[in-house]
There are 2 protein chains.
Amino acid sequence: MTKQLPSTDRSLPIALLRARERVMGPIRALLSDADLTEQQWRVLRVVQESGDIDPTQISEQACLLLPSLTRILQKLEDKGLIQREKDQMDRRRQIVRITPAGEQIIDDNLEASLAVIENTRTKMGPERYEALLDLLNELNRKGD
Amino acid sequence: MTKQLPSTDRSLPIALLRARERVMGPIRALLSDADLTEQQWRVLRVVQESGDIDPTQISEQACLLLPSLTRILQKLEDKGLIQREKDQMDRRRQIVRITPAGEQIIDDNLEASLAVIENTRTKMGPERYEALLDLLNELNRKGD
DNA sequence: GCACTATGCTTAACATGTTTACAAAAATAA
DNA sequence: TTATTTTTGTAAACATGTTAAGCATAGTGC
C-alpha cells in the first residue's frame, strides 16, 4: 500500500497558485529593476501590442478587473509610459496609447522576460509545455 | 495561412490567471455566504486536516506568504474559528488548532466546495484533468 | 422630448500580495 | 559565557484583488 499523497499535491487551486509563482517569480525579479510590477508590465504589453485600445478591452486581455486597471493606468500615466484621451464618438470611453518612454521600457525588458518563459518551456519540454497550455485553455473555454 | 492566435491565448501566465478565476470563482461565491474569503477557507482547511500546526507549515501548505497569513490567522481567531497558543518547547513558535465553530464551518461548506472541483473534473474529463494536475505538479517541482 | 435602462469607468472599503524591516527566541561559534 | 547568526513571526507600506456603489454618457421605448 502506498501512502496517499498529501491533498495539496492533488489540489488544482493550490497547483495553479504554485505554478503562477513559479512562472512569474523570476519575471517579477526582472521587472523590479525597471520599477514595474507584474501587472503594470502586463498592461503595458497589451497596450503596446494592441495600439489604441480602451480600458475594457485591456482588462479582458490582461486579466484584470476594471477597478484594478483604473489604478494601474493612473500609475502608468504618472510614470509617462502611456497616454489617455477621451473618445470623441463615445465620451464614456477613453483611448489608451503607449508613449515612446513606454516603448523604451518594453525594448529594455521584453527579451529577458520572454527568455524566462522560454526557459520554463525548455525545462518542461516543448511538447509537455504545449500540452499544459492546451489543457489550461480548454479549462478556460467559456462554453463549458 | 492561418492567422496567428492572439498572444494571450499562448501565454502561460494569463492562462494560469484565467484558470484560477475559473476554478475559484464558484467557490468564492459559496464561501461568501459563510463570510469567508477563499484564503481564509484554505487556511481553515489546512488547520483542520493537519491538526496542531505552526504558521510556517500552514503558509507552505496553503501557498501564502507569512505576512498574509499573520493577518488571516488574526481574523480567523477573531471569528472564533481557530485557537493559537505559544509552543512551550520553542517560544518563537505557536501552535494553531481549529475550534468546534471552525469544524462546523467546514462541515457546512466542504461538500459543496468539493462538488465544484468535481464538476470541473467531470467537464474536462477525468483523464485530462489528471493530466493537467500532473503537468502543473511537474512545473512546480523544486528540482527543476 | 422624457423616463428608463445599459454601458464605461471611477471611487471606496476591505482583504490579500509583496517586500522590507524588525523583535524575540533559539542555535551556533568563539 | 558572550557574540553572532538563524529562525519564527509580526508590523508597516504600498500595490493589487474583489465587491458594491456612484457618475456620466449612451441607447431604447414611449
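Because the structure is predicted, anything quoted here is derived from the model rather than measured. Chain A is the first sequence line, chain B the second, and so forth, proteins listed ahead of strands; every chain is numbered from 1.
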**Request:** Search all heavy atoms of B/Pro55 against all heavy atoms of B/Leu69 and return the closest pair with its distance.
**Result:**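 Result for this residue pair: O-CD2, 3.1 Å.
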
**Message:** Please find the pair of heavy atoms, one from B/Ile82 and one from B/Glu77, that lie closest to each other, and give the distance.
**Reply:** CG1-N, 3.7 Å

What is the distance, to the nearest angstrom, from the [atom1] atom on [X] to the [atom2] atom on [N]?
X	N	atom1	atom2	value
A/Met24	C/dT18	CE	P	10 Å
B/Asp54	C/dA25	CG	P	17 Å
B/Lys75	C/dC14	NZ	P	11 Å
A/Asp90	C/dT7	CG	P	12 Å
A/Gln88	C/dG8	CD	P	17 Å
A/Leu66	C/dA12	CG	P	17 Å
A/Gln40	C/dT18	CD	P	14 Å

Just call it for [X]: base, sugar-phosphate, or nothing, with non-hydrogen atoms closer than 4.0 Å on any strand.
X	answer
B/Gln94	sugar-phosphate
A/Thr37	sugar-phosphate
A/Gln57	nothing
A/Ser68	base
A/Leu69	nothing

**Message:** I need the residues from residues 76-86 of chain A with at least one non-hydrogen atom less than 4.0 Å from DNA chain D; give them sorted by number, or say none.
**Reply:** none

**Request:** Calculate, to the nearest 0.5 Å, the distance between atoms CG and CG belonging to A/Asp134 and A/Leu139 respectively.
**Result:**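 These two atoms lie 12.5 Å from each other.
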
**Message:** Working to the nearest 0.5 angstrom, can you tell me the gap between A/Arg45 CZ and A/Glu49 CD?
**Reply:**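 Going from the CZ atom of A/Arg45 to the CD atom of A/Glu49 covers 5.0 Å.
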
**Prompt:** Between A/Asp87 and A/Arg20, which has a closest nucleotide on DNA chain D that is more 5'?
**Reply:** A/Arg20

**Message:** Enumerate the salt bridge (charged side-chain N to carboxylate O under 4.0 Å, His left out) contacts for residues 62-71 of chain A, please, sequence neighbours excluded, ordered by first and then second residue.
**Reply:** none

**Prompt:** Please, which pairs that meet salt bridge (charged side-chain N to carboxylate O under 4.0 Å, His left out) have at least one residue in residues 26-37 of chain B, sequence neighbours excluded?
**Reply:**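 Found B/Glu21-B/Arg28, B/Arg28-B/Glu38.
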
**Prompt:** Which two nucleotides bound the region of DNA chain D that has atoms under 4.0 Å from heavy atoms of chain A, read 5' to 3'?
**Reply:**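 Using the under 4.0 Å cut-off, the span is D/dA15 to D/dA26.
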
**Item:** Qualifying residues under salt bridge (Lys or Arg N to Asp or Glu O under 4.0 Å), relative to B/Glu127, sequence neighbours excluded
**Value:**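 Salt bridge (Lys or Arg N to Asp or Glu O under 4.0 Å) check on B/Glu127 returns nothing, list empty.
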
**Item:** Which residues share a salt bridge (Lys or Arg N to Asp or Glu O under 4.0 Å) with B/Glu118, sequence neighbours left out
**Value:**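 Scan of B/Glu118 (salt bridge (Lys or Arg N to Asp or Glu O under 4.0 Å), adjacent residues dropped) gives B/Arg121.
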
Holding to side chain to side chain donor-acceptor pair (under 3.5 Å), I want the full list of residues that pass it with [X], two or more places apart in sequence or in another chain.
X	result
A/Arg91	none
B/Glu111	none
A/Gln94	A/Arg84
B/Asp87	B/Arg93

**Request:** Spell out protein contact along nucleotides 19-24 of chain C as letters: B when the base is contacted, S when just the sugar-phosphate is, - when no protein heavy atom is under 4.0 Å; keep the 5' to 3' order.
**Result:** B-----

**Request:** From the options B/Ile72, B/Leu31, B/Ile105, select the one residue that forms a side-chain contact (heavy atoms from CB on, under 4.5 Å) with B/Leu44.
**Result:**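 Per the side-chain contact (heavy atoms from CB on, under 4.5 Å) rule, the option paired with B/Leu44 is B/Ile105, out of B/Ile72, B/Leu31, B/Ile105.
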
**Message:** Angle between the end axes of the helix from C/dG1-D/dC30 to C/dA30-D/dT1, five pairs per end, to the nearest 10 degrees?
**Reply:** 20°

**Request:** Could you walk me through whether B/Asp108 and B/Gln104 pass side-chain hydrogen bond (donor to acceptor under 3.5 Å, both in side chains), step by step?
**Result:** CA-CA 6 Å; B/Asp108 293 343; B/Gln104 187 62 51; 2.9 Å; yes

